[in-house]
2 protein chains.
Amino acid sequence: MNSNGNLNTELVVPEVVIRRLPLYVRILTQFSNRGNEVISSEQLGLLLHMTPAQIRKDLSYFGRFGKQGRGYDVTILEQKLRTILGLDRAWNAAIIGMGRLGRAVVSYPGFAPEGFNILAAFDTNEDIVGQNISGLRVKSISQLATTVKKFDIKIGIVSVPIQHAQEVIDTLVKSGIKSILNYAPLSPEVPASVNVNSIDPVLSLQSMTYYMK
Amino acid sequence: MNSNGNLNTELVVPEVVIRRLPLYVRILTQFSNRGNEVISSEQLGLLLHMTPAQIRKDLSYFGRFGKQGRGYDVTILEQKLRTILGLDRAWNAAIIGMGRLGRAVVSYPGFAPEGFNILAAFDTNEDIVGQNISGLRVKSISQLATTVKKFDIKIGIVSVPIQHAQEVIDTLVKSGIKSILNYAPLSPEVPASVNVNSIDPVLSLQSMTYYMK
DNA sequence: GTTTGTGAAGGATTTCACAGCA
DNA sequence: TGCTGTGAAATCCTTCACAAAC
């Protein structure tokens with residue numbers, strides 16, 4: 001993109017592009033597991049249902065990873081993208097809310113293989129605090145800040161009922177957390193420096209019904 | 001928008017707009033439950049962290065619901081949007097995959113109050129078929145097509161492991177389902193007439209890490 | 001005075017189309 | 001020949017700004 005060096009640090013990459021990179025990583029991993037060494041933007045596009053041009057443009061924000069006439073080396077591209085996304089290391093997370101939803105989230109086997117480790121669980125309910133759930137001893141939320149520091153926790157997962165969600169998110173923010181995965185159905189109030197991503201299946205259903213007639 | 005009548009049927013509403021409508025509905029419901037009768041686009045914007053202009057523009061795709069100098073009647077706007085989205089009726093769903101994830105989904109108490117009723121559960125595993133889970137007798141997937149017809153099921157929820165997801169989605173499509181809520185981590189192959197929405201917390205985490213340094 | 005509804009402007013994102021390289 | 005990388009064009013989406021309505 002810029003040609004004074006090989007770093008693109010002055011360019012802000014659009015957030016839509018960042019949200020697509022994990023899709024590329026996923027397909028590249030699958031593709032290399034099937035023994036393929038090279039992939040073209042066209043093949044990637046077919047697998048992801050997007051245009052080859054978009055994939056090439058997205059990748060061009062970060063460098064020139066392909067070879068003309070050939071395509072991309074699957075392993076190298078995967079590794080580059082993992083580094084760009086910060087997926088070349090593990091990330092520690094804490095979950096707040098150990099009701100039905102929280103229990104389902106901690107027992108979901110999809111996080112750990114991707115390097116996301118839920119190291120601590122919290123709840124306000126005194127009946128739940130102290131219980132052992134999926135190998136985690138549930139702590140009182142009053143211990144959140146010290147636990148975050150002690151275990152180098154960078155991600156907060158919110159699985160409390162909506163009435164408590166904003167309060168819990170405020171507590172996470174105060175404890176220094178900058179990234180929140182939110183399962184409660186609200187648009188939380190957070191400082192601009194904090195990133196919230198919400199998982200909201202009801203919203204998905206409610207927009208799908210528009211097209212169902 | 002067009003001024004020959006009051007119908008905007010020839011205009012295609014952008015999908016981004018449709019995806020925001022459920023947010024408006026949610027806030028309007030909360031706002032009316034607190035006893036408010038009128039809301040302005042500015043108030044809505046503050047609650048949803050978006051600009052008032054965007055909200056007014058979004059609503060203008062469907063009609064003129066506000067009163068200048070006053071704002072929007074909360075109850076009327078909520079009702080109009082529910083009708084537009086098809087939320088003025090209930091929708092029947094079936095879930096396929098009754099492992100840990102499927103059990104969590106059927107026991108999630110957030111669907112039914114919004115009019116999404118999971119009426120049937122399926123699995124391929126013979127140990128699970130026949131079990132009673134959250135009041136649903138798990139059926140064999142071979143009964144999917146007849147059950148879809150019998151119970152007027154319009155939505156398929158996919159909570160099987162990734163290896164079986166595409167096959168299950170093919171089966172749903174063959175049975176006539178046009179709307180799929182997918183919890184498996186893949187970009188499924190479906191005809192253009194079928195709508196798939198994926199819930200993928202790992203993708204969310206993997207893009208958040210880009211900003212965590 | 002207040003707030004909507006909306007053309008027009010501005011900004012962001014996607015796609016095109018092709019030079020350049022393997 | 002085949003495919004990338006990328007300016008330019010096209011498209012899509014958001015914001016502005018103000019006339020009109022209450």
Side-chain angles (χ1 to χ4, degrees), chain A residues 1-8 10-21 23-24 28 31 36-74 76-78 80-81 84 207, chain B residues 1-8 10-21 23-24 28 31 36-74 76-78 80-81 84 207:
Chain A
M1 185 107 299
N2 65 342
S3 44
N4 58 319
N6 52 7
L7 277 171
N8 293 334
E10 52 286 75
L11 184 66
V12 175
V13 181
E15 212 193 293
V16 269
V17 174
I18 300 302
R19 278 207 302 270
R20 283 192 293 262
L21 297 186
L23 294 169
Y24 303 158
L28 290 167
F31 209 68
N36 299 284
E37 286 175 10
V38 175
I39 194 167
S40 67
S41 60
E42 176 150 12
Q43 288 174 290
L44 266 170
L46 284 171
L47 292 165
L48 287 166
H49 315 111
M50 29 195 301
T51 65
Q54 179 163 70
I55 292 166
R56 294 200 302 275
K57 187 63 133 187
D58 283 359
L59 298 178
S60 79
Y61 282 100
F62 303 98
R64 299 147 54 92
F65 305 125
K67 294 231 194 317
Q68 283 103 327
R70 189 149 193 264
Y72 301 89
D73 180 296
V74 177
I76 291 176
L77 183 56
E78 183 196 339
K80 293 271 186 194
L81 293 181
I84 289 163
S207 54
Chain B
M1 185 110 300
N2 65 344
S3 44
N4 58 320
N6 51 7
L7 277 172
N8 293 332
E10 52 286 78
L11 185 66
V12 174
V13 181
E15 212 194 292
V16 269
V17 173
I18 301 302
R19 278 208 302 270
R20 283 192 292 264
L21 298 186
L23 293 168
Y24 303 157
L28 290 167
F31 209 69
N36 298 285
E37 286 175 10
V38 175
I39 194 167
S40 67
S41 59
E42 175 149 13
Q43 290 174 290
L44 266 169
L46 285 170
L47 292 165
L48 287 166
H49 315 111
M50 20 193 312
T51 64
Q54 180 163 70
I55 292 165
R56 294 201 301 276
K57 186 63 132 186
D58 283 358
L59 297 178
S60 79
Y61 282 100
F62 303 98
R64 299 146 55 91
F65 305 126
K67 294 236 192 316
Q68 283 102 326
R70 188 147 194 265
Y72 302 88
D73 181 295
V74 177
I76 291 175
L77 182 56
E78 184 196 340
K80 293 272 188 195
L81 292 181
I84 289 163
S207 55

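Worth saying up front: this structure is predicted, and the values here are computed from it rather than measured. Throughout, protein chains are lettered first and strands after them, A, B, ... in sequence-line order, and every chain is numbered starting at 1.
- Comparing B/Gly69 and A/Gln54 by the nucleotide of DNA chain C that holds the closest heavy atom to each, the one mapping nearer the 5' end is B/Gly69.
- Residue B/Arg56 places none of its side-chain N or O atoms closer than 4.0 Å to OP1 or OP2 of D/dT14.
- For the pair A/Phe65 CZ and D/dC3 C1', the interatomic distance rounds to 17 Å; values are reported in whole Å.
- Phosphate proximity of C/dT4 to B/Ser41: present, with a side-chain N or O under 4.0 Å from OP1 or OP2.
- Separating the CD atom of B/Glu15 from the P atom of D/dC13 is a distance of 9 Å, rounded to the nearest angstrom.
- The shortest side-chain heavy-atom distance between B/Gln43 and B/Tyr72 does not fall under the 4.5 Å cut-off.
- Taking 4.5 Å as the limit, some side-chain heavy atom of A/Ile55 sits within range of a side-chain heavy atom of A/Tyr24.
- Regarding contacts with the backbone of D/dT15, a side-chain N or O of B/Thr51 is found under 4.0 angstrom from either OP1 or OP2.
- In this structure, A/Arg64 does not reach the C/dG20 phosphate: none of its side-chain N or O atoms is under 4.0 Å from OP1 or OP2.
- Following rounding to the nearest Å, A/Asp58 (CG) and C/dT13 (C1') show an atom-to-atom distance of 10 Å.
- At least one side-chain heavy atom of B/Leu81 sits less than 4.5 Å from a side-chain heavy atom of B/Leu59.
- Counting heavy atoms of neighbouring residues, nucleotides and ligands inside a 6.0 Å radius, atom CZ of A/Arg20 exceeds 12 of them.
- Counting only heavy atoms from C-beta outward, the side chains of B/Leu44 and B/Leu47 never approach each other to under 4.5 Å.
- Atom OH in A/Tyr61 sits roughly 11 Å away from atom P in D/dG7 (whole-Å rounding).
- Protein atom NZ of A/Lys67 is 11 Å distant from nucleotide atom C1' of C/dC21, rounded to whole Å.
- The interatomic distance linking B/Gln68 (CD) with D/dC22 (P) rounds to 6 Å, in whole Å.
- One atom, NZ of B/Lys57, and another, C1' of D/dC18, lie 13 Å apart when rounded to the nearest Å.
- Of the side-chain N and O atoms in B/Tyr72, none sit less than 4.0 angstrom from OP1 or OP2 of C/dT2.
- Note: CZ (A/Phe62) to P (D/dT4) measures 18 Å, nearest angstrom.
- Here A/Arg20 does not reach the OP1 or OP2 of C/dT13: none of its side-chain N or O atoms lies under 4.0 Å away.
- In terms of phosphate contacts, A/Arg70 brings no side-chain nitrogen or oxygen within less than 4.0 Å of OP1 or OP2 of D/dT1.
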